[in-house]
Amino acid sequence: MTTESQLSLVDDLDASVSEVVTDELSLLAASTDRSGSVAAGLPLAVVRAHSVEDVQAAMRVASAHRVPVVPRGAGTGLAGGAVAGTGHLVVDLSAMDRILELDPVDEVAVVEPGVLNARLDAAAAEVGLRYAPDPASAAICSIGGNVATNAGGLRCVKYGVTREAVLGLDVVLADGTLIHTGRRTMKGVAGLDLTALFVGSEGTLGIVVGATLRLKPRPVSTLTASAAYASVAAAARACAEIAAARRLPSMLEFIDRRCLEAVDRFAGTSYSERGDALVIAQADGPAAATEIEAIAAIVGKEATWIEQGVDEESSDRLVEARRQVLPAIEAEGSWFIEDICVPRSRLAEAVDRISEISQRHGVRTYTLAHAGDGNLHPVIGWNPSPDDVPGVMPPAETLAGDEIFALAIELGGTTTGEHGVGRLKRKWLEPEIGADSIDLQHRIKAALDPLGILNPGVGF
């Protein structure tokens, strides 16, 4: 785009939306996200949307100028899905952060996309409810981003991922048209399920500007058991036994020694002294005490250390180690987090083979997992070097990462359980889902975004 046409675009935006920024700091911020991915060049401008009308107007201007648009929320994504570069216009939704309605009878919330996950959960708690999806980044990630990536989290084993909580959406299409999908009732099968189509579409089909969400009764009790093990294999066996015993934890997390050592260095704790792996299990609801006792009996069989939370405060303390893992790894240098998911029966095999891949390539890998649903997060870390290319892993780390993705597919799993494909995993999509499926997705996108301006280069 020439300077003259860029000025024309900004002039049209200034006349149409509440706020447009073009300062270098704002543009730099929009060119990366928490994944560490960095776009080539800087975007043209950032529209800070304050209303649905702002988003509609921005899309009409972008369509008229045929300018690619990158929707963006809190910027906490881990797959490079909201990274804007040369020639892009950013639509920043973070200022649209109102909870519009919270109905304690129908157990429904209506929110704007910039509302933070934890803030919605806290508001629901005031009327005895909860927003169940619980990413580890709940305190800083937004609902719009959760919907765009179909985010998961720590409570998925019992409550499911974001899709299970979304009843309806307000979506601005590429030409500025506003549509409403779904409904606020618990049931409804009129027409195609467009809500499910947009959930997880990573901003490639439309921009989510509102969400109607299902809330759940807040558990009367939530209790936790945490156990350490002398080996990763013993920890994996404990997780498998919980499933085999037909227990239903609301959380079941696995953390390896390298993660624990990072948390110890970061927070001054001593988790790694307890063993080579840590399992954190949680149960909630009226039968939480009975359930956690049964789970504790299972995880305690081979444990080198075990502790149960006797109340919610002590339970929260036991879970804190899990929430500190990613900040602790971030503090240690450069990193790339994978997001594979395998059948639960193959979790132990996946952990063992990730360790073998890491050792063979001589790379540093931290492994944690939502063990209850087989979703592993192997995090590849390395010491930054002046020769590093921003957003690109060094060669050995790249080879190890590719082998881990291939492993997920080999074991009957997926290359992304909850973070999305973004820009970082595109080459692995076709090997997983096949060329015919990719072609169908392109045709769906062409129907909704004929100019191809919505988040190009993301996903399929």
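What you see is a predicted model; the values in this text were computed from it and never measured.
- For the pair Arg317 and Glu313, the salt-bridge criterion is not met [side-chain N within less than 4.0 Å of a carboxylate O].
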Can you check side-chain contact (heavy atoms from CB on, under 4.5 Å) on Leu215 and Leu102, steps first, answer last?
CA-CA 9 Å; Leu215 304 175; Leu102 206 158; 3.9 Å; yes
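- Considering SG of Cys156 and NE2 of His370, their distance stands at 6.5 Å, rounded to 0.5 Å.
- By the neighbour-count criterion of 12 heavy atoms within 6.0 Å, atom NZ of Lys216 is sparsely surrounded, having that number or fewer from other residues, nucleotides or ligands.
- Counted within 6.0 Å of CZ on Arg360, heavy atoms from surrounding residues, nucleotides or ligands total more than 12; the atom is thus considered enclosed.
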Show the numbers, then the answer: is there a side-chain contact (heavy atoms from CB on, under 4.5 Å) between Trp382 and Asp388?
CA-CA 10 Å; Trp382 66 95; Asp388 287 350; 3.4 Å; yes
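- When every heavy atom of Leu399 is checked against every heavy atom of His361, the shortest pair comes out as CB-CE1, 3.6 Å.
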Check the pair Gln282, Thr222 against side chain to side chain donor-acceptor pair (under 3.5 Å), reporting the backbone distance first and the verdict last.
CA-CA 7 Å; Gln282 198 167 79; Thr222 300; 5.5 Å; no
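- Here the shortest heavy-atom pairing between Val67 and Gly87 reads CG1-O, 3.5 Å.
- Considering every non-hydrogen atom in both Thr415 and Phe405, the closest pair reads O-CE2, 3.6 Å.
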Please step through side-chain contact (heavy atoms from CB on, under 4.5 Å) for the pair Ile354 and Thr365, ending with a clear verdict.
CA-CA 8 Å; Ile354 289 167; Thr365 302; 4.0 Å; yes
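- Distance CG/Asp339 to OG1/Thr416: 3.5 Å, rounded to 0.5 Å.
- With rounding to the nearest 0.5 Å, the separation of CZ in Arg163 from CG in Asn150 is 4.0 Å.
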Mind listing the side-chain donor-acceptor pairs of residues 453-460 below 3.5 Å, one per line with the distance, residues two or more places apart or on another chain?
unit_1: Asn455; atom_1: ND2; unit_2: Gly81; atom_2: O; d: 2.9
unit_1: Asn455; atom_1: ND2; unit_2: Glu202; atom_2: O; d: 2.8

List the atom pairs, donor and acceptor, that lie under 3.5 Å between side-chain atoms in residues 318-327 and the rest of the protein, sequence neighbours left out.
unit_1: Arg322; atom_1: NE; unit_2: Glu253; atom_2: OE1; d: 2.7
unit_1: Arg323; atom_1: NH2; unit_2: Asp134; atom_2: OD1; d: 3.2
unit_1: Arg323; atom_1: NH2; unit_2: Asp134; atom_2: OD2; d: 2.8

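- With 3.5 Å as the limit, one finds no donor-acceptor pair spanning the side chains of Asn146 and Tyr131.
- With rounding to the nearest 0.5 Å, the separation of CG in Leu78 from OG1 in Thr76 is 7.0 Å.
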As a quick check of understanding, evaluate side chain to side chain donor-acceptor pair (under 3.5 Å) for Glu338 and His419, giving each step before the final call.
CA-CA 9 Å; Glu338 296 203 34; His419 294 168; over 6 Å; no
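- Within a 6.0 Å sphere centred on CG of Asp23, other residues, nucleotides and ligands contribute more than 12 heavy atoms.
- Of all non-hydrogen atoms in Leu93 and Ala49, the two that sit nearest each other are CD2-CB, 4.5 Å.
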